[in-house]
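Because the structure is a prediction, the values reported are computed rather than measured.
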Amino acid sequence: MRMRPTLSWTPDEDLPLATTDLGPVLDALDTGGVLVLSGAGISTESGIPDYRGQGGSLSRHTPMTFQDFTGSAQARRRYWARSHLGWRTFGRALPNAGHRAVAAFARHGLLSGVITQNVDGLHQAAGSGGVVELHGSLARVVCLSCGTYSPRRELARRLEEANAGFRPVAAGINPDGDADLTDEQVGDFRVVPCAQCGGVLKPDVVFFGEAVPPRRVEHCRRLVDEAASLLVLGSSLTVMSGLRFVRQAAQAGKPVLIINRDPTRGDRHALSRVALPLGAALTSLAERLDIATGDPAELG
């Protein structure tokens with residue numbers, strides 16, 4: 001019997017208190033070799049809600065699981081209808097001050113790498129290179145039968161053609177690009193198959209209940225080994241996919257620093273958790289390091 005994935009976590013009363021002091025983070029960046037691990041919280045200022053923060057999508061929405069998606073044609077219809085609508089908004093999101101600051105830190109040689117739990121591509125859009133997308137990317141689609149990858153924009157075009165006039169109004173958009181729609185709004189939405197073999201198409205993202213590819217995990221573990229410190233940005237660390245790297249860094253004696261307004265599952269392993277809005281906090285750090293955070297092309 002398959003177990004449902006862990007979607008929530010209740011903080012213990014004895015967790016360390018949060019701070020507003022950015023000093024330890026500033027010291028780590030000034031030293032260099034910082035590995036960034038980002039979560040949904042860094043994208044909220046781009047209009048993409050997080051899962052567990054105040055007003056997070058888990059309060060109204062249960063994400064699609066891998067088991068449901070692969071086991072039910074109706075679940076796939078519901079997912080693709082909602083995701084197709086969500087993509088129209090999700091795909092237009094722009095990087096915010098937090099993404100731009102991370103890219104600026106990398107340009108100045110302060111980072112050893114960036115791992116993101118997000119599937120929105122906003123770190124790359126801000127100019128960060130070599131980003132490890134731990135949970136994949138919504139910009140790609142994969143066939144579960146033949147393994148062919150294709151751009152999401154191509155699938156969006158095919159779904160538009162197959163569902164002319166599909167214009168429901170969503171109650172909200174979620175961090176996985178899924179829009180909140182009722183079954184009545186989904187209606188008889190038509191799902192299109194793989195153009196190569198007719199197989200089932202899936203976004204190239206790791207669903208809840210699905211394992212992160214082992215090679216990707218090992219790559220991230222090597223990045224933790226090579227880093228001088230780990231900086232967590234906007235993640236509750238509720239799921240093990242990100243928490244394991246915090247535990248690895250702490251066990252190796254590397255400083256773990258967290259910027260997240262709410263308590264996280266990794267707080268007890270951290271040197272400090274800074275409870276400040278990410279955009280403002282990262283911009284402040286850049287200013288104190290005398291680093292400009294604008295568009296690289298505009299900065300010359």
Side-chain angles (χ1 to χ4, degrees), residues 8-59 95-106 108 110-112 114-118 122-123 126 128 175 227-239 242-243 245-247 249-250 253-294:
S8 61
W9 163 77
T10 302
D12 297 330
E13 293 183 359
D14 62 346
L15 283 178
L17 294 176
T19 180
T20 57
D21 179 15
L22 287 167
V25 183
L26 183 67
D27 291 342
L29 287 168
D30 198 36
T31 300
V34 177
L35 175 62
V36 165
L37 171 63
S38 72
I42 198 171
S43 293
T44 57
E45 293 174 37
S46 294
I48 300 174
D50 63 12
Y51 283 112
R52 301 174 180 85
Q54 185 175 4
S57 68
L58 286 183
S59 63
N96 62 53
H99 299 109
R100 292 192 294 272
V102 170
F105 297 152
H108 284 76
L110 308 185
L111 306 184
S112 63
V114 177
I115 301 169
T116 185
Q117 296 172 285
N118 300 338
L122 292 179
H123 277 299
S128 291
S229 60
L230 180 65
L231 175 59
V232 180
L233 303 176
S235 176
S236 67
L237 300 168
T238 295
V239 295
L243 181 62
F245 304 125
V246 169
R247 289 178 173 174
K254 300 174 188 285
V256 174
L257 301 150
I258 300 173
I259 305 179
N260 198 66
R261 286 192 287 187
D262 297 318
T264 84
R265 200 176 170 191
D267 283 7
R268 65 182 68 260
H269 305 290
L271 178 63
S272 70
R273 175 175 64 85
V274 181
L276 291 173
L278 270 169
L282 293 174
T283 299
S284 174
L285 286 165
E287 291 172 349
R288 291 164 70 175
L289 290 164
D290 197 24
I291 292 175
T293 60

Could you tell me which residues satisfy side-chain contact (heavy atoms from CB on, under 4.5 Å) with [X], sequence neighbours excluded, listed by chain and number?
X: Ser235; result: Gln117, Val232, Leu237
X: Asp30; result: Leu289
X: Ala275; result: Ala18, Arg273
X: Arg288; result: Leu22, Leu26, Ser284

Before giving the answer on side-chain contact (heavy atoms from CB on, under 4.5 Å), spell out for Arg268 and Asp14 the whole-Å C-alpha distance, their side-chain angles and the decisive distance to 0.1 Å.
CA-CA 9 Å; Arg268 65 182 68 260; Asp14 62 346; 3.7 Å; yes
Spacing of [atom1] belonging to [X] relative to [atom2] belonging to [Y], to within rounding of 0.5 Å:
X: Leu231; Y: Leu271; atom1: CG; atom2: CG; value: 11.5 Å
X: Thr264; Y: Ile258; atom1: OG1; atom2: CD1; value: 3.5 Å
X: Ile115; Y: Leu233; atom1: CD1; atom2: CG; value: 11.5 Å

Enumerate donor-acceptor pairs with a distance under 3.5 Å from any side-chain N or O in residues 35-48 to protein atoms, sequence neighbours excluded.
unit_1	atom_1	unit_2	atom_2	d
Ser38	OG	Thr116	OG1	2.8
Ser38	OG	His123	NE2	2.8
Ser43	OG	His99	NE2	3.3
Ser43	OG	Asp120	OD2	2.7
Thr44	OG1	Gly41	O	3.1
Glu45	OE2	Gly279	N	3.0
Ser46	OG	Leu94	O	2.6
Ser46	OG	Asn96	N	3.4
Ser46	OG	Asn96	ND2	3.0

Measuring only between side-chain heavy atoms, which start at C-beta, is Val34 closer than 4.5 Å to Phe105?
no
Decide yes or no for Ile291 and Leu110: does some side-chain heavy atom of the first lie under 4.5 Å from some side-chain heavy atom of the second?
yes
Specify the closest pair of heavy atoms between [X] and [Y], including all atoms of both residues, with the distance to one decimal.
X: Ala281; Y: Ile259; result: CB-CG2, 4.2 Å
X: Ser112; Y: Gly33; result: OG-O, 3.6 Å
X: Leu282; Y: Ala101; result: CB-CB, 3.6 Å
X: Leu111; Y: Val102; result: CD1-O, 3.5 Å
X: Ala28; Y: Ser229; result: CB-OG, 3.8 Å
X: Leu230; Y: Val246; result: CD2-CA, 3.7 Å

Is Arg265 reaching over with its side chain to a backbone N or O of Val239, donor-acceptor style, under 3.5 angstrom?
no
